[in-house]
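The structure presented is a predicted model; accordingly, all values stated were derived computationally and were not measured.
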Amino acid sequence: MTKREYNRKPADYRSTIDGKPYLLTMDKTTGGAILAPVTIKNNPTMATIKSFIKKNQNKLHIKNLSDFDGMVDCVMPCNDKGFRKAQAPEQGRNHENCLGIRGAWFVLGGDDRFYEFSDGQFEGYEVYNCCGNFILAIEVQ
């Protein structure tokens, strides 16, 4: 659970014991209410993504899930949804919004959403914005 999700819960349901966050929830086995510990995850930021790209430049893979299509003026699902080795943009098409990766597009200015991604074979980050949705990841050894 992210800190934002935790803070959206009603104040009466949240608690802190010995500096650790707890949340009032229902116990599935007994059907009663319990105060359960919560693990707060930090949301990835643009700095996290840039660092991940720089650190894993030669091992990086990309998987486009959707892309902006100018013919219909909206985001459309991609046909090929497999991971492929990340490549540099075509000559003369290296725009600052792609951060040096063909198929990636970042809106910048706080309008990108980042989520941790792991499917057992790849680990990285999913990026979602008004221009599409893609995953930047590296293969798990």
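In this structure, Q57 places its CD atom where only 12 or fewer heavy-atom neighbours from other residues, nucleotides or ligands lie under 6.0 Å away. Counting heavy atoms of neighbouring residues, nucleotides and ligands inside a 6.0 Å radius, atom OH of Y6 exceeds 12 of them. The local environment of NZ in K28 is sparse, with at most 12 non-hydrogen atoms from other residues, nucleotides or ligands closer than 6.0 Å. Environment of CZ in F68: crowded, with over 12 heavy atoms of neighbouring residues, nucleotides or ligands closer than 6.0 Å.
Considering CH2 of W105 and CG of L99, their distance stands at 10.0 Å, rounded to 0.5 Å. Atom CD1 of I101 and atom CD1 of I62 lie 6.0 Å apart (nearest 0.5 Å). With values rounded to the nearest 0.5 angstrom, R8 atom CZ is found 14.5 Å from K3 atom NZ. Taken to the nearest 0.5 Å, the CZ atom of F52 stands 5.5 Å off from the CG atom of L60. Taking CD from E116 and CD from E123, the interatomic distance works out to 9.5 Å, rounded to the nearest 0.5 Å. One finds the CD1 atom of I49 at 7.0 Å from the CG atom of L136 (value rounded to the nearest 0.5 Å).
A donor atom on one side chain and an acceptor atom on the other are found under 3.5 Å apart for T45 and T48.
R14 contributes no side-chain N or O that, together with a main-chain N or O of L23, makes up a donor-acceptor pair within less than 3.5 Å. A donor-acceptor pair under 3.5 Å is absent between the side-chain atoms of D112 and the main chain of M46, judged by distance alone. Between the side chain of D27 and the backbone N or O of A33, no donor-acceptor pair lies under 3.5 Å. Using modelled atom types, no side-chain atom of S15 and backbone atom of Y22 make a donor-acceptor pair closer than 3.5 Å. Without hydrogens or angle criteria, N56 side chain to I138 main chain gives no donor-acceptor distance under 3.5 Å. In this structure, D119 contributes its side chain and F122 its backbone to a donor-acceptor pair below 3.5 Å. A distance-only check finds a donor-acceptor pair linking the side chain of N133 to the backbone of V127 [under 3.5 Å]. K85 places a side-chain N or O within donor-acceptor distance of the main-chain N or O of N58, the cut-off being under 3.5 Å.
Linking Ile, Leu, Val, Met, Phe, Trp and Tyr residues whenever their side-chain heavy atoms come within less than 4.5 Å leaves M26 and Y13 in two separate clusters. Clustering ILVMFWY residues whenever any of their side-chain heavy atoms sit less than 4.5 angstrom apart, transitively, puts I135 in a cluster other than the one holding Y115.
The aromatic ring centroids of F106 and F134 lie less than 6.0 Å from each other.
Of all heavy-atom pairs spanning C131 and V107, the tightest one is SG-CG2, 4.2 Å. Taking both residues in full, the closest heavy atoms of P89 and C98 are given as CG-SG, 3.6 Å, listed atom of the first, atom of the second, then distance. Between P21 and I40, the closest heavy-atom pair is CG-CG1, 3.7 Å. When all heavy atoms of F114 and P44 are compared, the closest pair comes out as CD1-O, 3.6 Å.
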Practice prompt. Would you check, one step at a time, whether the test side chain to side chain contact (heavy atoms under 4.5 Å, CB included) holds for C130 with D111?
Written response: CA-CA 8 Å; C130 64; D111 291 330; over 6 Å; no
Item to complete: List the steps, then state whether side chain to side chain contact (heavy atoms under 4.5 Å, CB included) holds for N64 with R84.
Response: CA-CA 9 Å; N64 288 87; R84 65 187 185 285; 2.8 Å; yes
Fill in: Pair I34-T25, side chain to side chain contact (heavy atoms under 4.5 Å, CB included): steps then yes or no
CA-CA 5 Å; I34 60 168; T25 187; 3.9 Å; yes
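Exactly one of E139, Q121, K63 qualifies for a side chain to side chain contact (heavy atoms under 4.5 Å, CB included) with F83. That residue is K63.
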